Amino acid sequence: MSRLVPLCLLASLSGLFACAPELGGDGFSGDKSDEPCGDVTHPVDLSPDFAERAFSQPVAAIPHPTDANRWYIVEQRGIVWTMVREAGATTPRRFVDLRSRVNSEPGEGGMYSMALHPNFAQNGEVFLSYTAAIGGDVDTLESHISRFKSLDGGLTLDRDSEEILLSLEQPFINHNGGQIAFGPDGMLYIGFGDGGSAGDPDNRSQNPDLPFGKILRIDVDGGAPFGVPSDNPFAQGPGLNTVYALGLRNPWRFSFDTETGKLWLADVGQDTQEEVDIITAGGNYGWKVREGDACFESSVCEENFINPVATYGREEGVSISGGFVYRGTELPELIGAYIFTDFGSGRIWSLKEDATGEFHRELLRETGENISGFAQDLDGELFVLGWS
């Protein structure tokens, strides 16, 4: 993992990384340069962090809510590590190893996300999103949203405490979504992709009776195995009562702005566009009628869809990875900007709204990294998770 830092700060300490550095297994390597990368207004850099520890395909990192130095790092293969982020920190220890349950073999399978209960310090509850094999067949995927408990204050997770809250058999082996996060309202938000293949062949995303291509919202404290919030858009039907928003293709990453509470989502596109959305209750974001802000299958697509706040085409990237609204202090010019990247191109952008309500996207860095996502510490500073 690497920390997003001001370019000038890193330059004063240790020089700059190259525009498209050669990436080593335990951090960055290669020639250094004093030239910023690309046409940038607020250039930033990446500083190797977490004692330059290398993880295997990290997909998420979550800080402990009361211990600012303790983190949890999720690997796609099914291991969650915990470690203390400080100089001379000890080797990470396994928080939980679920490789025997997680099927990361086909397509985009694996462990995707982790969320700590808002009262984690008191109840030790941890929620994981992962795919399992159906009936032992490793060529199949079934999404699980599960609750576990830590019995030792967050040092390890009890494998035997698993309670599966939701199971969803995936019709194909891609577009599984996978993000889970607690909102400021204490509800658990869950992202599922459209079910896979290409072009959403069975139009699942637009079907309000199915969980595919949706953001779901549940109350993990409201019943067994969970409750349905009474203010969910379809709580009284028709439609699936857990659905919060629909019309998404593959909502790989979303997050809540810690200041405003807005839900920002990066939705992976298909042929032409990647998009950033601000999600609202009952909102329909258009897939597969639209891809981004363009018609997908026909020339007529003027329906009651919510437009993305930003899109970009294939010349800039192929698979968007969100992102957080920056609320730290080290990069004051980016406060209030949504920071996101592209897994294919490695570009990092900011997206900020001006006084007139227009959104402006700026390139911050060309990294050459396969970036799977970001992490945000308790102070609002951002970290990058790379696969190289």
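Just so we're clear, the structure is a prediction, and the values are computed from it rather than from any experiment.
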J.: May I ask you to decide if Ser167's main-chain N or O and Ser143's side chain share a donor-acceptor pair within less than 3.5 Å?
T.: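 No; zero donor-acceptor contacts below 3.5 Å.
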
J.: I'd like to know whether Arg217 forms a salt bridge (Lys or Arg N to Asp or Glu O under 4.0 Å) with Asp185, so could you lay out the CA-CA distance, the side-chain angles of the two residues, the decisive distance to 0.1 Å, and finally the verdict.
T.: CA-CA 11 Å; Arg217 178 175 179 256; Asp185 55 4; 2.9 Å; yes

J.: What distance separates Ile62 CD1 from Leu116 CG, expressed to the nearest 0.5 Å?
T.: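 Rounded to the nearest 0.5 Å, the CD1-CG separation comes to 6.5 Å.
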
J.: Given Glu316 and Ser345, is the side chain to side chain contact (heavy atoms under 4.5 Å, CB included) satisfied, shown in steps?
T.: CA-CA 7 Å; Glu316 296 186 83; Ser345 69; 5.8 Å; no

J.: Checking Ser321 side chain against Ile371 main chain: does a donor-acceptor pair fall under 3.5 Å?
T.: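 Yes, because the side chain of Ser321 sits within donor-acceptor range (under 3.5 Å) of the backbone of Ile371.
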
J.: With no hydrogens and no angle check, is any side-chain donor or acceptor of Gln206 less than 3.5 Å from a backbone partner on Trp287?
T.: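 Yes, Gln206 side chain to Trp287 backbone: donor-acceptor pair under 3.5 Å.
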
J.: Find out if a path of hydrophobic residues (ILVMFWY) with successive side-chain heavy-atom gaps under 4.5 Å connects Val276 to Ile278.
T.: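 Yes, because Val276 and Ile278 connect within a single hydrophobic cluster, where side-chain heavy atoms sit under 4.5 Å apart.
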
J.: Whether the side chain of Ser350 engages the backbone of Ala337 through a donor-acceptor N/O pair (distance < 3.5 Å, no angle test) should be reported.
T.: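 Here the side-chain-to-backbone pair does not exist.
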
J.: With a 4.5 Å cut-off on side-chain heavy atoms, are Phe127 and His117 touching?
T.: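 In contact.
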
J.: Can the ring centres of Trp349 and Tyr312 be said to be less than 6.0 Å apart?
T.: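 Ring centroids of Trp349 and Tyr312 are less than 6.0 Å from each other.
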
J.: Measure from NZ or CZ of Arg53 to the centre of the six-membered ring of Phe55, then state whether that distance is under 6.0 Å and the direction lies within 45° of the axis.
T.: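 Geometry flag: set, cation within 6.0 Å and 45°.
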
J.: For a quick check under 3.5 Å, do Ser372 and Gln57 share a side-chain donor-acceptor pair by atom type?
T.: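 There is no such pair between these side chains.
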
J.: Say whether, by atom type as modelled, one donor and one acceptor occur between the side chain of Lys214 and the main chain of Asn207 under 3.5 angstrom.
T.: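 Answer holds: yes.
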
J.: Taking all non-hydrogen atoms of both residues into account, name the closest pair between Ile134 and Thr140 and its distance.
T.: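 Scanning both residues, the minimum pair turns out to be N-OG1, 3.0 Å.
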
J.: Does some side-chain heavy atom of Ile73 sit less than 4.5 Å from a side-chain heavy atom of Pro92?
T.: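 A side-chain contact is absent here, since even the closest heavy-atom pair is not under 4.5 Å.
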
J.: Looking at Asp200 and Arg249, does any basic side-chain N land under 4.0 Å from a carboxylate oxygen?
T.: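 Salt bridge flag = no for Arg249 with Asp200.
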
J.: Indicate, with yes or no, if Ile320 and Ile279 share a hydrophobic cluster defined by side-chain heavy-atom contacts under 4.5 Å among Ile, Leu, Val, Met, Phe, Trp and Tyr.
T.: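 Looking at the clustering, Ile320 is in a separate group from Ile279.
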
J.: When rounded to the nearest 0.5 angstrom, what distance separates CD1 in Ile79 from CZ in Arg99?
T.: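 One gets 3.5 Å once the value is rounded to the nearest 0.5 Å.
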
J.: Kindly give the heavy-atom pair with the smallest separation between Asn284 and Gly286, and that separation in Å.
T.: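 Smallest interatomic distance, heavy atoms only, reads OD1-N, 3.0 Å.
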
J.: Side chain of Gln270, backbone of Glu291: donor and acceptor closer than 3.5 Å?
T.: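 Pair absent, no side-chain N/O of Gln270 close to backbone of Glu291.
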
J.: Around Asp354, counting heavy atoms of other residues, nucleotides and ligands shown, do more than 12 lie under 6.0 Å from its CG?
T.: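 Enclosed.
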
J.: Please report the C-alpha distance between Val318 and Asp342 in whole Å, then the side-chain angles of each, then the deciding distance to 0.1 Å, and finally whether the side chain to side chain contact (heavy atoms under 4.5 Å, CB included) criterion is met.
T.: CA-CA 7 Å; Val318 296; Asp342 189 278; 4.1 Å; yes

J.: Could you tell me whether Phe340 and Trp264 have their ring centroids closer than 6.0 angstrom?
T.: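 Centroid distance Phe340-Trp264: not below 6.0 Å, so no.
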
J.: Examine distances only and state if a side-chain atom of Glu108 and a backbone atom of His175 form a donor-acceptor pair shorter than 3.5 Å.
T.: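 The answer is yes, because a donor-acceptor pair under 3.5 Å joins these two groups.
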
J.: Is there side-chain contact between Glu125 and Lys149, with heavy atoms separated by less than 4.5 Å?
T.: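 With C-beta onward as the side chain, the pair touches.
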
J.: In this structure, would Phe305 and Val243 fall into the same cluster of hydrophobic residues linked by side-chain contacts under 4.5 Å?
T.: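 No, separate clusters.
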
J.: Show the nearest heavy-atom pair for residues Arg253 and Val59, with the distance to one decimal.
T.: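 Minimum heavy-atom separation between Arg253 and Val59: NH2-O, 2.8 Å.
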
J.: Does the side chain of Tyr285 come under 3.5 Å of the side chain of Asp267 through a donor N or O and an acceptor N or O?
T.: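 On atom types as modelled, these side chains do not qualify, holding no pair under 3.5 Å.
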
J.: Rounded to the nearest 0.5 Å, what separates atom CG in Asp202 from atom CG in Leu210?
T.: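 The CG atom of Leu210 is 9.0 Å from CG of Asp202, to the nearest 0.5 Å.
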
J.: Do side-chain atoms of Trp387 reach the backbone of Pro58 as a donor and acceptor pair under 3.5 angstrom?
T.: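 Judged by distance alone, yes, a pair lies under 3.5 Å.
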
J.: Would you indicate whether the side-chain heavy atoms of Asp377 and Trp71 approach each other to under 4.5 Å?
T.: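 Yes, their side chains come closer than 4.5 Å.
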
J.: If we only count heavy atoms from C-beta on, is the Ile348 to Ile339 side-chain gap below 4.5 Å?
T.: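 SC-SC contact between Ile348 and Ile339 confirmed.
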
J.: Minimum heavy-atom separation for Gly178 and Ser129, please, with both atom names.
T.: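 Heavy atoms of Gly178 and Ser129 come nearest at O-OG, 3.0 Å.
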
J.: So which atom in Gly196 and which in Pro201 form the shortest heavy-atom distance, rounded to 0.1 Å?
T.: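 Nearest heavy atoms, Gly196 then Pro201: O-CD, 3.7 Å.
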
J.: What's the separation between atom CD in Gln236 and atom CG in Asn241, rounded to the nearest 0.5 Å?
T.: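 It is 9.0 Å, given to the nearest 0.5 Å.
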
J.: For the pair Asn119 (side chain) and Asn123 (backbone), establish whether a donor and an acceptor sit closer than 3.5 Å, ignoring hydrogens and angles.
T.: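 Here the side-chain-to-backbone pair does not exist.
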
J.: For Arg159, give me all partners under side chain to side chain contact (heavy atoms under 4.5 Å, CB included), at least two apart in sequence or on another chain.
T.: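 With sequence neighbours excluded, Arg159 shows a side chain to side chain contact (heavy atoms under 4.5 Å, CB included) to Val96, Leu98, Ser100, Arg101, given in chain and number order.
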
J.: Looking only at atom types and distance, does a side-chain atom of Asn370 sit under 3.5 Å from a main-chain N or O of Phe343, one as donor and one as acceptor?
T.: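 Answer holds: yes.
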
J.: Roughly how far apart are Leu188 CG and Ile180 CD1, rounded to 0.5 Å?
T.: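 With rounding to 0.5 Å, CG (Leu188) is 5.5 Å from CD1 (Ile180).
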
J.: Please test Arg327 against Glu381 for salt bridge (Lys or Arg N to Asp or Glu O under 4.0 Å), starting from the C-alpha separation and ending with a verdict.
T.: CA-CA 7 Å; Arg327 295 297 179 186; Glu381 303 299 340; over 6 Å; no

J.: Using the rule given for ring-ring contact (aromatic ring centres under 6.0 Å, His included), can you reason through Tyr189 versus Phe254, listing the C-alpha separation, both sets of side-chain angles and the distance that settles it, and then say yes or no?
T.: CA-CA 9 Å; Tyr189 291 72; Phe254 60 80; 7.1 Å; no

J.: Could you walk me through whether Gln376 and Ser255 satisfy the side chain to side chain contact (heavy atoms under 4.5 Å, CB included) test, starting with their C-alpha distance in whole Å, then the side-chain angles of each, then the deciding distance to 0.1 Å, before giving a yes or no?
T.: CA-CA 10 Å; Gln376 187 176 49; Ser255 65; over 6 Å; no

J.: With rounding to the nearest 0.5 angstrom, report the CZ to OG1 distance, Arg93 to Thr82.
T.: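 So the gap between those two atoms works out to 8.0 Å.
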
J.: Given side chains that start at C-beta, do those of Tyr72 and His64 come closer than 4.5 Å, heavy atoms only?
T.: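 Yes - at least one pair of side-chain heavy atoms lies under 4.5 Å apart.
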
J.: Does either side chain, that of Glu162 or that of Ser146, offer a donor lying less than 3.5 Å from an acceptor on the other one?
T.: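 Yes, because at least one side-chain N or O of Glu162 sits under 3.5 Å from a partner of the opposite role on Ser146.
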
J.: Is the shortest side-chain heavy-atom distance between Asp379 and Thr329 below 4.5 Å?
T.: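 No, every pair of side-chain atoms sits at 4.5 Å or beyond.
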
J.: To check you understand the geometry: which heavy-atom pair defines the closest contact between Glu330 and Arg3, and what is its length?
T.: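 Looking at all heavy atoms of both residues, the shortest contact is OE2-NH2, 3.3 Å.
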
J.: Passes side chain to side chain contact (heavy atoms under 4.5 Å, CB included), Phe182 versus Phe256? Steps please.
T.: CA-CA 9 Å; Phe182 281 95; Phe256 293 89; over 6 Å; no

J.: Would you check if Phe383 and Phe50 make a side-chain contact, meaning some heavy-atom pair closer than 4.5 Å?
T.: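 Side chain of Phe383 against side chain of Phe50, heavy atoms only: contact under 4.5 Å found.
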
J.: Membership question, hydrophobic clusters at under 4.5 Å side-chain separation (ILVMFWY): are Leu248 and Phe212 in the same one?
T.: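 The answer is no; the residues belong to distinct hydrophobic clusters.
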
J.: Could you state whether Met114 and Met111 fall into the same hydrophobic cluster, counting links through intermediate Ile, Leu, Val, Met, Phe, Trp or Tyr residues with side-chain heavy atoms under 4.5 angstrom apart?
T.: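 Yes, it is one cluster - the side chains of Met114 and Met111 are joined through contacts under 4.5 Å.
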
